[in-house]
Amino acid sequence: MPTYNDVAIVLRTHKLGEHDRIVTLLTRGRGKVRAVAKGIRRTKSKFGSRLEPAMIVQVQCYEGRNLDTVTQAELVAAYGHHIAQDYGAYTAAAAMLETAERLCEDGEQQIQQFNLLTGGLAALASSAHESGLVLDSYLLRAVAIAGWAPTFDRCAGCGDPGPHRAFNLASGGAVCSSCRTPGSGAPRPDTFLLLGALLAADWDVADASAPEVRNEATGLVAAYVQWHLERGVRSLRLVDRTPTVVPEGVRQ
C-alpha cells in the first residue's frame with residue numbers, strides 16, 4: 001500500500017483495543033485523516049506522547065482501506081505540553097480542535113485551516129494574548145475560511161456602510177434598521193469593533209477591549225459558529241473564561 005509523509009496537527013484520539021489508538025489528524029497536504037497508532041498505549045511505545053491532541057508532528061503513514069496506519073511520528077511543535085499547563089488555554093484549545101474537526105472534510109486539502117489552527121495553538125502556548133480572545137479570533141476566521149465570513153462594519157443584508165446597531169445570525173452579522181428582522185440583537189458599538197478586530201487579527205484593539213465587551217462578543221461568536229455548524233460545539237461549554245494576565249513583552 002502507498003506510504004506518505006506529511007505534517008499534521010493531532011485533533012483527537014480514542015482507544016482501540018487494549019494497546020492501540022485511533023488518531024484524527026489535520027494534515028497539511030491531505031486534510032483530515034484518521035489513522036491507527038499501534039501499540040501507542042504500551043509503556044515502551046515508540047510514539048510516546050507525540051500523538052496527543054494539539055501536538056504538531058511529522059508523520060509517516062501507509063494508506064489503508066478504512067483507516068491509515070501511523071508508522072513514524074517525529075515531534076515538530078509540542079504545543080499540547082505548554083497548553084496543558086494553563087486550564088483556560090487547555091479548554092480553548094479543545095474547542096479549537098473540535099471546531100477544526102467539524103469544519104474539515106476527510107481527505108480534502110485544507111491548507112488555510114491548517115495554518116490558522118497552527119497559529120492559534122502557537123498563540124495559546126506562548127500566552128501571547130488572553131486565551132478567550134485567541135479562541136474567538138480563531139472561531140471567526142475558521143468559519144470565514146469555510147465560506148461563512150461575517151460582516152461587522154457594513155450591513156450583511158444590503159451592504160450599507162456602518163456602523164449599525166443590530167446583529168442577526170441568519171443574515172451574517174451586522175444589519176441596518178431596514179434589514180433588521182425579529183430576533184436580532186443589539187450589541188454595544190464597542191462589541192462590533194472587537195468582533196471586527198478579532199476577525200482581522202488586530203490585536204492592539206482586541207487586547208485593549210473591556211471585559212464586558214469581551215463577554216458580549218464571546219456570546220455572539222459562539223452563537224454564530226454553532227448556527228453555521230448546525231449543532232453545538234460541545235467543548236465551548238467547558239471553556240474557562242477567567243481573565244488571564246499576559247506577561248509583558250509577549251504581546252504581538
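Keep in mind the model is a prediction, meaning the values are calculated, not measured.
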How far apart are the C-alpha atoms of Arg102 and Val233, what are their side-chain angles, what is the distance that settles it, and do they pass the side chain to side chain contact (heavy atoms under 4.5 Å, CB included) test? CA-CA 9 Å; Arg102 295 275 301 281; Val233 178; 4.2 Å; yes
Are Val175 and Val221 co-members of a hydrophobic cluster defined by side-chain heavy atoms under 4.5 Å apart? no
Is the backbone of Leu97 close enough, under 3.5 Å, to the side chain of Glu101 for a donor and an acceptor to pair up by distance? no
Indicate every side-chain donor-acceptor pair of residues 106-117 with a distance under 3.5 Å to a residue at least two apart or in another chain.
{"unit_1": "Gln109", "atom_1": "NE2", "unit_2": "Gly29", "atom_2": "O", "d": "3.4"}
{"unit_1": "Gln113", "atom_1": "NE2", "unit_2": "Ala142", "atom_2": "O", "d": "3.0"}
{"unit_1": "Asn115", "atom_1": "ND2", "unit_2": "Ile111", "atom_2": "O", "d": "3.4"}

Rounded distance (nearest 0.5 Å) linking atom CG of Leu198 with atom CZ of Arg141: 9.5 Å
Quick check: closest heavy atoms across Ala73 and Arg50, and the distance to 0.1 Å? O-NH1, 2.6 Å
Beyond-backbone contact of His19 with Arg42, side-chain heavy atoms, under 4.5 angstrom: yes
Answer yes or no: is there a donor N or O on one side and an acceptor on the other, between the side chain of Asp160 and the main chain of Cys155, under 3.5 Å? no
Across all chains, not counting sequence neighbours, the ring pair (Phe, Tyr, Trp, His ring centres under 6.0 Å) partners of His228 are Trp148, Tyr224
Connected hydrophobic set around Val36, excluding itself, where side chains approach under 4.5 Å: Leu16, Ile22, Leu67
4.5 Å side-chain heavy-atom contact, Val57 and Glu74: no
Can you find a pair of side-chain heavy atoms, one from Ser127 and one from Asp86, that are under 4.5 Å apart? no
Contact between Cys61 and Thr71 at the side-chain level, heavy atoms closer than 4.5 Å - yes or no? no
Just by modelled atom types, is the Val23 backbone N or O under 3.5 Å from a matching donor or acceptor in the Thr13 side chain? no
Arg21 and Glu52 ion-paired at < 4.0 Å: yes
Is there a donor-acceptor contact under 3.5 Å from the side chain of Thr27 to the main chain of Gly31? yes
Value rounded to 0.5 Å, distance of CE in Met96 from OG in Ser235: 11.5 Å
Determine, step by step, whether Asp207 and Glu130 satisfy the side chain to side chain contact (heavy atoms under 4.5 Å, CB included) criterion, reporting the C-alpha distance in whole Å, the side-chain angles of both residues, the deciding distance to 0.1 Å, and the verdict. CA-CA 8 Å; Asp207 289 334; Glu130 198 274 320; 5.8 Å; no
Identify the two heavy atoms, one from Ala78 and one from Leu75, that lie closest to each other, and give their separation to 0.1 Å. CB-CD2, 3.8 Å
Intermediate values then yes/no, side chain to side chain contact (heavy atoms under 4.5 Å, CB included), Asp20 and Arg41: CA-CA 6 Å; Asp20 307 337; Arg41 292 161 58 201; 5.9 Å; no
Is a donor on one side and an acceptor on the other found under 3.5 Å between the side chain of Arg12 and the backbone of Leu25? no
Heavy-atom side-chain contact between Val59 and Gln72 under 4.5 Å: no
Can a side-chain donor-acceptor contact be found between Thr91 and Asp240 if the only test is distance below 3.5 angstrom? no
Rounded to the nearest 0.5 Å, what's the gap from CG on Leu11 to OG1 on Thr99? Could you check? 10.5 Å
Count the heavy atoms of every other residue, nucleotide or ligand shown that sit under 6.0 Å from CD of Gln85, and state whether that count exceeds 12. yes
Should Tyr4 and Val7 be regarded as members of a common hydrophobic cluster, given that ILVMFWY residues are connected when their side-chain heavy atoms come within less than 4.5 Å of each other, either directly or indirectly? no
Cluster overlap Leu238 with Tyr138, hydrophobic side-chain contacts below 4.5 Å: no
Is Val33 linked to Ile9 within one hydrophobic cluster, defined over Ile, Leu, Val, Met, Phe, Trp and Tyr using a side-chain heavy-atom separation of less than 4.5 Å? no
Can you list every side-chain hydrogen bond (donor to acceptor under 3.5 Å, both in side chains) pair that touches residues 163-183, not counting sequence neighbours? Asn168-Ser171, Asn168-Thr181, Asn168-Ser184
State which residues pass ring pair (Phe, Tyr, Trp, His ring centres under 6.0 Å) with Tyr90; sequence neighbours excluded, sorted by chain then number. none
Determine, step by step, whether Leu169 and Phe167 satisfy the side chain to side chain contact (heavy atoms under 4.5 Å, CB included) criterion, reporting the C-alpha distance in whole Å, the side-chain angles of both residues, the deciding distance to 0.1 Å, and the verdict. CA-CA 7 Å; Leu169 295 175; Phe167 182 94; 3.5 Å; yes
Do Leu124 and Leu135 sit in one hydrophobic cluster, given that two such residues count as connected whenever their side-chain heavy atoms are within less than 4.5 Å of each other, even indirectly? yes
d(Ile83 CD1, Leu121 CG) to nearest 0.5 Å is 5.0 Å
What heavy-atom pair brings Val239 and Ala95 nearest, and what distance separates the two atoms? CG2-CB, 4.1 Å
All heavy atoms of Tyr79 vs all of Ala54, minimum pair found to be CB-O, 3.4 Å
Would you check if the side chain of Glu98 reaches a backbone N or O of Arg234 as a donor-acceptor pair within less than 3.5 Å? yes
Donor-acceptor contacts under 3.5 Å from residues 190-197 side chains, at least two apart:
{"unit_1": "Thr191", "atom_1": "OG1", "unit_2": "Glu216", "atom_2": "OE1", "d": "2.5"}

